[in-house]
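What you are looking at is a predicted structure, and each value in this text was computed from that prediction instead of being measured. This chain uses plain numbering: 1 for the first residue, then up along the sequence.
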Amino acid sequence: MSFDALLIVGFGGPEGPDDVRPFLENVTRGRGISKERLLEVGAHYARFGGVSPINGQLRALKLAIEDDFRANGVGLPVYWGNRNWHPMLAATVGAMRDDGVKNALAFVTSAFGSYSGCRQYREDLERARAEVEGAPMISKLRNFFDHPLFVDAVVLRTKAALAAGREGARLVFTAHSIPVASASASPYEAQLRAIAALVAARVGESAHDLVYQSRSGTPGVPWLEPDIDDHLAALHERGVNDVVLVPLGFVSDHMEVIWDLDTQARATAERLGMGFTRARTVSDHPLFIRMIRELVGERSASGERRALTTLGDTTCHASCCQPAARPRPAP
């Protein structure tokens, strides 16, 4: 199949104080999140002037992909649209149609398979296409959690963090928590555990942990644990004095990294008297950019699919990555 454009699909984030509340309402619509929780999360953004770094990072990613495409003879224009904030997907799909795009590939900035990390993006793409008359066809590239170049980039970021931290620091991988019900209907945990083990082995660390962060659901719904802050306390009780955190489940240093890890988890570690080093995400690493080009190449007639596990696929199965049951709104 011939493709004539690449669409980067991001989560999106506010770029000023007036954007924060409507952005959070977009993110949480239909999820039963209380107004108090929105105010709490809004205060996190206020600490940074109401600006999330994610849109700036996505702009930089788009430029890096365009430069890489030009340098390697890939003649595809690159577009960018977000799930939750401007530029919104429907507007970008409309621009693609107006430019004559007929059949595009979509790169979603989420490596692992889960409802919110994969299937929901597919639903968002179809919803955006439905809003645009004459919209181009858009095919999502596969989850890239086990692509060799993604793993290589994580390994290099981890090695740099280990070198910057104290000798003997405990290696801790983090990922976004999701409802247990969603996790059981997706390959999310298995994929995370496999890649955490691969990275740990390649950096020469026999012991490591996988923990979760950024829970946002209602208190009565079970989510994946342990939470990063609880885990730091448990490590401290076991006599661990230093940690190196690797945000494996994230590809850029956005708000859930700079708040939940650099702010909250760091404060927990400091309170406990623990040394704390956080690895950078892959974000603008040259290997990550090259990986995106290879993912595009996979979809050509002679493309080679490179993967380090058997836990991924080129397409989602009909029953895969189902959403968790959402709580009914209070009467």
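A salt bridge links Glu15 with Arg59; the closest basic N to acidic carboxylate O contact falls under 4.0 Å. Taking a cutoff of 4.0 Å between a charged side-chain nitrogen and a carboxylate oxygen, Glu25 and Arg29 do not qualify as a salt bridge. Taking the charged nitrogens against the carboxylate oxygens, Arg278 and Asp262 do have a contact shorter than 4.0 Å, which makes a salt bridge.
Each of Ile228 and Tyr212 belongs to its own hydrophobic cluster when Ile, Leu, Val, Met, Phe, Trp and Tyr are linked at side-chain heavy-atom distances under 4.5 angstrom.
Arg293 forms no cation-pi arrangement with Phe69, by the criterion of a distance under 6.0 Å to the ring centre and an angle within 45° of the ring axis.
Looking only at side-chain heavy atoms (C-beta outward), Lys140 and Cys118 come within less than 4.5 Å of each other. Residues Asp19 and Val51 are not in side-chain contact: their nearest non-hydrogen atoms beyond the backbone lie 4.5 Å or more apart. Between Leu61 and Trp80 the shortest side-chain heavy-atom distance does not fall below 4.5 Å. Side-chain contact between Leu7 and Leu125 is present, with at least one heavy-atom pair separated by less than 4.5 Å. Using a 4.5 Å heavy-atom threshold, the side chains of Tyr45 and Phe23 count as touching. Residues Asn82 and Phe11 fail the side-chain proximity criterion, which asks for heavy atoms closer than 4.5 Å. Using a 4.5 Å heavy-atom threshold, the side chains of Ser116 and Ser110 count as separate. Under the 4.5 Å side-chain criterion, counting only non-hydrogen atoms from C-beta, His208 is not in contact with Val199.
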### Query
Could you walk me through whether Val296 and Leu141 pass the side chain to side chain contact (heavy atoms under 4.5 Å, CB included) check?
CA-CA 7 Å; Val296 170; Leu141 294 168; 4.2 Å; yes
### Task
Give the C-alpha distance, both sets of side-chain angles, the deciding distance and a yes or no for side-chain hydrogen bond (donor to acceptor under 3.5 Å, both in side chains) between Tyr121 and Glu126.
CA-CA 9 Å; Tyr121 279 105; Glu126 289 308 306; over 6 Å; no
### Message
Using salt bridge (Lys or Arg N to Asp or Glu O under 4.0 Å), reason through Lys102 and Asp4 one step at a time and then give a plain yes or no.
### Response
CA-CA 7 Å; Lys102 300 297 183 184; Asp4 54 3; over 6 Å; no
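The side chain to side chain donor-acceptor pair (under 3.5 Å) contacts involving residues 154-179 comprise Arg157-Asp284, Arg166-Asp242, Arg170-Asp209, Thr174-Gln213, His176-Glu256, where partners must be two or more places apart or lie in separate chains. Each ring-ring contact (aromatic ring centres under 6.0 Å, His included) pair with one or both residues in residues 230-271, not counting sequence neighbours, appears once here: His44-Trp259, Phe250-His254. The ring-ring contact (aromatic ring centres under 6.0 Å, His included) contacts involving residues 276-307 comprise Phe144-Phe288, where partners must be two or more places apart or lie in separate chains.
Looking at Gln191, its side chain does come within 3.5 Å of a backbone N or O of Gly113 through a donor-acceptor pair.
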